[in-house]
Amino acid sequence: MPAEGATGVESRAVLQQDDLFVAQLRFAEHATIHDHPSPNEIVALCLEGEGFTSVGGETAPIRAGEQARWPPNVPHRLWTEGSTMLTLMIERPTE
């Protein structure tokens with residue numbers, strides 16, 4: 001759950017199976033999960049609030065009702081500035 005280097009992020013596992021992991025992440029203002037790759041494909045669903053995402057160095061805003069897809073092995077990041085955000089992270093291990 002958030003990796004070392006994450007600040008201002010509360011997390012809890014919602015579902016953990018061999019082929020699927022779902023976590024809820026609550027971001028305070030000015031919270032961040034640092035730029036890092038994952039061996040798995042990840043979908044980040046913004047449920048409330050707004051923040052920013054980057055994948056492969058390209059930055060975009062993310063707001064309630066929107067999603068971001070992060071392909072395997074590509075550095076990605078999620079953070080807030082002057083707002084809070086609630087997200088669901090859905091991760092499927094690649095084989």
Side-chain angles (χ1 to χ4, degrees):
M1 294 282 281
E4 184 178 330
T7 57
V9 181
E10 294 179 18
S11 62
R12 71 179 180 99
V14 176
L15 176 67
Q16 189 167 2
Q17 300 176 340
D18 291 339
D19 62 343
L20 180 65
F21 179 74
V22 180
Q24 178 183 350
L25 303 178
R26 185 174 302 277
F27 289 74
E29 289 185 13
H30 306 286
T32 187
I33 295 177
H34 70 286
D35 200 37
H36 66 283
S38 170
N40 305 317
E41 178 179 22
I42 299 173
V43 175
L45 301 170
C46 183
L47 301 176
E48 297 175 2
E50 60 185 53
F52 297 91
T53 182
S54 71
V55 61
E58 293 188 31
T59 299
I62 186 168
R63 295 176 182 89
E66 298 178 345
Q67 65 177 296
R69 290 187 175 271
W70 300 323
N73 304 311
V74 176
H76 56 272
R77 179 178 175 222
L78 197 58
W79 73 98
T80 57
E81 291 183 356
S83 64
T84 61
M85 180 170 59
L86 178 65
T87 65
L88 274 184
M89 306 295 285
I90 302 165
E91 186 169 350
R92 289 196 175 272
T94 55
E95 297 186 79

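Sequence positions, counted from 1, serve as the residue numbers for this chain.
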Closest non-hydrogen atom pair, T80 against E50: CG2-O, 3.7 Å
V9 to I33 - nearest heavy-atom pair and separation: CG2-CG1, 4.0 Å
Neighbour count >12 (heavy atoms, 6.0 Å) for atom CZ, R26: no
Over all atoms of both residues, closest heavy-atom pair of M89 and L25: CG-CD1, 3.2 Å
Hphob cluster co-occupancy, F27 + I90, side-chain heavy atoms under 4.5 angstrom: no
N/O donor-acceptor pairs under 3.5 Å from side chains in residues 37-46, not counting sequence neighbours:
{"from": "S38", "atom 1": "OG", "to": "N40", "atom 2": "N", "distance (Å)": "3.1"}
{"from": "S38", "atom 1": "OG", "to": "E91", "atom 2": "OE2", "distance (Å)": "3.4"}
{"from": "N40", "atom 1": "OD1", "to": "T94", "atom 2": "N", "distance (Å)": "3.1"}
{"from": "N40", "atom 1": "ND2", "to": "E91", "atom 2": "OE2", "distance (Å)": "2.7"}

Same apolar cluster (I L V M F W Y, side chains within < 4.5 Å links), V14/F21: no
Side-chain heavy-atom pair H76, V74 within 4.5 angstrom cut-off: no
Spatial distance of atom CG (L78) from atom CE (M85) [nearest 0.5 Å]: 4.0 Å
Value rounded to 0.5 Å, distance of CD in Q67 from OG1 in T87: 12.5 Å
Nearest-0.5 Å distance, CD of residue Q24 to CG of residue L15: 13.5 Å
Hydrophobic cluster partners of W79 (side-chain heavy atoms under 4.5 Å): F52
Shortest non-hydrogen contact from T84 toward E29: CG2-N, 3.9 Å
Where at least one partner belongs to residues 55-65, residue pairs that pass side-chain hydrogen bond (donor to acceptor under 3.5 Å, both in side chains), sequence neighbours excluded: none
